[in-house]
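Atoms within each ligand, like the ligands themselves, are counted from 1 in listed order. Remember, it's a predicted structure, so these values are computed and weren't measured experimentally.
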Amino acid sequence: MNADAKSRVDQSARFLQKWRPQAPDLCIVLGSGLGNAIPDIDQMPSLKFSEIQGFSASEVVGHASELRIGEIKSAGSAKSRSIAFLRGRNHAYEGFSTAEVAHNVRAMIAWGVRGIVLTNAAGCLETQWNLGDFMLIEDHINLSGLNPLSGAAGNGFGQRFCDMTQCYDPEWSAAFRTRAKALGIPLRQGVYAGVLGPSYETPAEIRMLRTLGAQAVGMSTVVEAIAARQMGARVAGLSCMTNYGAGLAGTGSKLDHADVVHMGASVAKIMAELVLDTAANLPLGD
Ligand code: HPA
């Protein structure tokens with residue numbers, strides 16, 4: 001199973017190396033509703049996930065399931081970075097194995113990208129925050145019950161007992177804060193609770209997550225972040241607060257995936273501005 005995951009990742013990496021021998025500098029994973037906001041994305045070289053050997057494709061509404069490559073310039077400086085955009089991701093709640101959830105990010109790192117920016121739509125656990133706010137992920141609580149490092153020892157990707165003390169790169173997080181300030185985009189920060197889904201939480205679960213110290217809850221990101229850290233890549237995470245956690249917006253209010261996608265899409269342009277400007281300025285050295 002583990003050997004299988006490794007050989008599939010190697011297969012994808014070899015395929016991508018043939019496609020473009022020079023790997024992009026970094027990879028940005030675009031979550032629900034966030035995939036359409038990158039300017040000129042449709043003109044960028046692309047591959048459907050189904051065209052990449054070893055990839056499997058998600059079919060969730062709001063995800064395009066493709067890889068695009070873009071050269072991104074910083075507004076204020078001569079810096080530029082080449083970026084792999086993963087539009088869409090595999091979720092465990094769709095029936096994908098943990099290895100399949102981690103696969104695309106692992107393949108990007110095996111190809112040669114230096115770090116991963118994970119974006120997602122998340123439920124907001126802070127009643128003082130506004131919907132559409134962005135939260136820099138400072139840390140996570142993995143409640144999904146999944147870990148891409150589980151299985152027989154030596155999965156071939158790195159250390160089994162991987163340190164998670166600073167999963168979200170402090171330098172990259174600082175770069176996000178600096179660029180957000182320069183662009184005048186308010187940026188919250190907090191802890192992301194990763195759950196399996198796909199049902200949304202009960203109000204009791206939301207109360208529990210708040211007690212545990214989480215500010216956001218979502219169904220992605222934690223597995224990819226762990227897999228990327230095991231391979232030594234840098235990780236940053238950005239959540240868009242698309243809805244209040246169940247019960248926080250009043251008893252009459254219900255959660256709907258369409259609203260989540262819609263809210264994500266309505267602030268995606270601002271998120272793209274922040275993510276692209278920051279990405280162009282992220283330090284890549286170790
Ligand atoms: N809960 C879990 N995942 C989510 C939510 C939520 O409220 N909103 C967007 N993704």
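- In this structure, the protein non-hydrogen atom closest to atom 5 (C) of ligand 1 is G123 N, 3.4 Å.
- The protein heavy-atom contact nearest to atom 3 (N) of ligand 1 is G218 CA, 3.4 Å.
- For ligand 1, the atoms lying closer than 4.0 Å to a non-hydrogen atom of T242 are 8 (N), 9 (C).
- Protein heavy atom in closest approach to atom 1 (N) of ligand 1: E201 OE1, 2.8 Å.
- Near L255, meaning under 4.0 Å from one of its heavy atoms, ligand 1 places the atoms 7 (O).
- Contacts with ligand 1 closer than 4.0 Å are made by backbone heavy atoms (N, CA, C, O) of A122 only, the side chain lying farther away.
- Not close to ligand 1: G197, with no non-hydrogen atom less than 4.0 angstrom away.
- No donor-acceptor distance shorter than 3.5 angstrom exists from the side chain of R8 to the backbone of E100, with no hydrogens or angles considered.
- Residues R160 and G151 share a closest heavy-atom pair of NH2-O, 2.6 Å.
- Residue contacts with ligand 1 leave out G245, since none of its heavy atoms falls under 4.0 Å from the ligand.
- Judged by distance alone, with hydrogens and angles left aside, the side-chain atoms of R68 form no donor-acceptor pair with the main-chain N or O of F85 at under 3.5 Å.
- In this structure, atom 7 (O) of ligand 1 lies nearest to the protein heavy atom N243 ND2, 2.9 Å.
- Here is the list of ligand 1 atoms found below 4.0 Å of a heavy atom in V260: 9 (C).
- Here the side chain of Y93 pairs no donor or acceptor atom with the backbone of S199 at under 3.5 angstrom.
- Heavy-atom contacts of M219 reach the following atoms of ligand 1: 2 (C), 3 (N) (cutoff under 4.0 Å).
- Aromatic ring orientation, W19 versus W111: tilted (interplanar angle from 30° to 60°).
- Under the 3.5 Å distance criterion, with hydrogens and angles disregarded, no donor-acceptor pair is assigned to the side chains of H140 and T221.
- Side-chain N/O atoms of D25 and S82 include no donor and acceptor closer than 3.5 Å.
- T278 places no side-chain N or O within 3.5 Å of a backbone atom of V275 that could act as its donor or acceptor partner.
- Given atom 10 (N) of ligand 1, the protein heavy atom at minimum distance is A121 O, 3.4 Å.
- Among protein heavy atoms, atom 4 (C) of ligand 1 sits closest to V217 O, 3.6 Å.
- The side chain to side chain donor-acceptor pair (under 3.5 Å) with S12 is formed by just one residue from the set Q53, Q17, H103; it is H103.
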